[in-house]
Chemist: 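First, the structure itself, so that you have it in front of you.
Quantities reported herein were computed from a predicted structural model and do not represent experimental measurements.
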Amino acid sequence: FDNTQTCGSTYIGESSALQYVSFSIDIESGPVTEGSYQLMLDQEVTECISYNASARDIEIALQGLNNVVGVNVVVSKASRGSQFPYQYKIMFVGEYAYGEWPALRVPTQTFGSEVCKPFVGGVNHKVNII
């Protein structure tokens, strides 16, 4: 569902140990060439993650959260229409301390703001997490 409180981003599902993260912008606006974002699991937030992060970068960021014991990330080239370089398949390892693994989120207060490096290139940046 799209929601103004999530920057027009799409989140499908409430919980899963396997999650997919991709980004998009208005296709006519050109590719993203720099910037960063954060991921949130429950109420914990990662350090800023580069727009072109490697699988290892995402793993390190997520393993910095208290409730993540292990995580495996597979990076693949994003679809041509994305205008971001990569998309991610994230598999949390082990049990979540409070039941089911919650869905990842991107904190709206830091997405495209000065907390992390703002995106350069493109307009109407969105994240899709399923």
Side-chain angles (χ1 to χ4, degrees):
F1 59 90
D2 283 345
N3 175 324
T4 57
Q5 293 188 334
T6 58
C7 300
S9 299
T10 304
Y11 300 96
I12 300 174
E14 292 300 316
S15 66
S16 176
L18 176 62
Q19 301 185 35
Y20 296 88
V21 178
S22 63
F23 298 89
S24 62
I25 58 174
D26 288 346
I27 193 149
E28 306 83 30
S29 63
V32 172
T33 58
E34 57 185 281
S36 59
Y37 60 93
Q38 294 174 302
L39 291 173
M40 183 168 65
L41 186 69
D42 252 353
Q43 299 304 310
E44 283 194 282
V45 179
T46 65
E47 296 295 323
C48 293
I49 301 168
S50 176
Y51 82 101
N52 64 350
S54 69
R56 186 70 186 136
D57 294 335
I58 302 282
E59 289 170 353
I60 290 168
L62 289 170
Q63 287 172 343
L65 303 178
N66 289 327
N67 291 313
V68 178
V69 175
V71 63
N72 295 312
V73 176
V74 175
V75 64
S76 59
K77 187 174 172 113
S79 67
R80 186 169 180 228
S82 164
Q83 300 291 352
F84 276 81
Y86 305 117
Q87 58 191 11
Y88 305 93
K89 177 176 150 182
I90 299 171
M91 176 60 129
F92 291 102
V93 178
E95 298 295 320
Y96 185 66
Y98 304 106
E100 297 290 324
W101 282 100
L104 287 166
R105 301 270 189 244
V106 172
T108 57
Q109 66 273 22
T110 64
F111 194 65
S113 75
E114 296 297 321
V115 172
C116 294
K117 187 173 186 177
F119 293 122
V120 174
V123 295
N124 200 17
H125 304 94
K126 296 179 182 139
V127 63
N128 304 295
I129 300 176
I130 56 172

Chemist: Looking at Gly94, is its backbone amide N or carbonyl O close enough to the side chain of Trp101 to form a donor-acceptor pair, meaning the two atoms are under 3.5 Å apart?
Modeler: yes
Chemist: Does CD belonging to Gln63 count more than 12 external heavy atoms closer than 6.0 Å?
Modeler: yes
Chemist: Identify, with sequence neighbours excluded, every residue that meets side-chain contact (heavy atoms from CB on, under 4.5 Å) alongside Glu34.
Modeler: Tyr51, Lys117, Val120
Chemist: Which heavy atom of Leu104 sits nearest a heavy atom of Gln19, and at what distance?
Modeler: N-OE1, 2.7 Å
Chemist: Roughly how far, to the nearest 0.5 Å, is the CG atom of Asp26 from the NZ atom of Lys126?
Modeler: 6.0 Å
Chemist: How many angstroms lie between atom OH of Tyr20 and atom CD1 of Ile90, to the nearest 0.5 angstrom?
Modeler: 11.0 Å
Chemist: Val106 and Val45: same hydrophobic cluster, using ILVMFWY side-chain contacts below 4.5 Å?
Modeler: no
Chemist: For Ile60, what residues pass the side-chain contact (heavy atoms from CB on, under 4.5 Å) criterion, not counting sequence neighbours?
Modeler: Arg56
Chemist: Do side-chain atoms of Tyr37 reach the backbone of Val127 as a donor and acceptor pair under 3.5 angstrom?
Modeler: no
Chemist: What are the two closest non-hydrogen atoms of Phe84 and Ala78, and how far apart are they?
Modeler: O-CB, 3.2 Å
Chemist: Of all the heavy-atom pairs spanning Asn67 and Glu44, show the shortest one and how long it is.
Modeler: N-OE1, 3.6 Å
Chemist: Which residue pairs pass the disulfide (SG to SG under 2.5 Å) test with at least one member in residues 68-105, sequence neighbours excluded?
Modeler: none
Chemist: Does the side chain of Val93 come within less than 4.5 Å of Val69's, by heavy atoms?
Modeler: no
Chemist: What residues form a ring-ring contact (aromatic ring centres under 6.0 Å, His included) with Tyr86, not counting sequence neighbours?
Modeler: none
Chemist: In chain order, what residues pass the side-chain contact (heavy atoms from CB on, under 4.5 Å) check against Ser50, with sequence neighbours excluded?
Modeler: Asn52
Chemist: Is there a side-chain contact between Val21 and Ile58 in this structure, where contact means two heavy atoms from C-beta onward sitting under 4.5 Å apart?
Modeler: no
Chemist: Hey, could you give me the CD/CG distance between Glu47 and Leu65, rounded to the nearest 0.5 Å?
Modeler: 9.5 Å
Chemist: Please name all residues satisfying side-chain contact (heavy atoms from CB on, under 4.5 Å) with Ala61, sequence neighbours left out, ordered by chain then number.
Modeler: Thr46, Ile49
Chemist: Kindly indicate whether the side chain of Lys89, heavy atoms from C-beta on, has any atom under 4.5 Å from the side chain of Ser76.
Modeler: no
Chemist: What is the distance from atom OG1 of Thr108 to atom CE of Met40, rounded to the nearest 0.5 Å?
Modeler: 7.5 Å
Chemist: Are Val75 and Phe23 connected in a single hydrophobic cluster, I mean Ile/Leu/Val/Met/Phe/Trp/Tyr linked by side-chain heavy atoms less than 4.5 Å apart?
Modeler: yes
Chemist: Say you draw a straight line from CD of Glu59 to CE of Met91; how long is it, rounded to the nearest 0.5 Å?
Modeler: 13.0 Å
Chemist: When rounded to the nearest 0.5 angstrom, what distance separates CG in Asn72 from CG in Leu18?
Modeler: 10.5 Å
Chemist: What pair of heavy atoms forms the shortest contact from Val115 to Cys48, and how long is it?
Modeler: O-SG, 3.8 Å
Chemist: Is Asp42 close to Tyr96 at the side-chain level, that is, under 4.5 Å between some pair of heavy atoms?
Modeler: yes
Chemist: Under the 3.5 angstrom rule, does the side chain of Gln83 hit a backbone N or O of Gly122 as a donor-acceptor pair?
Modeler: no
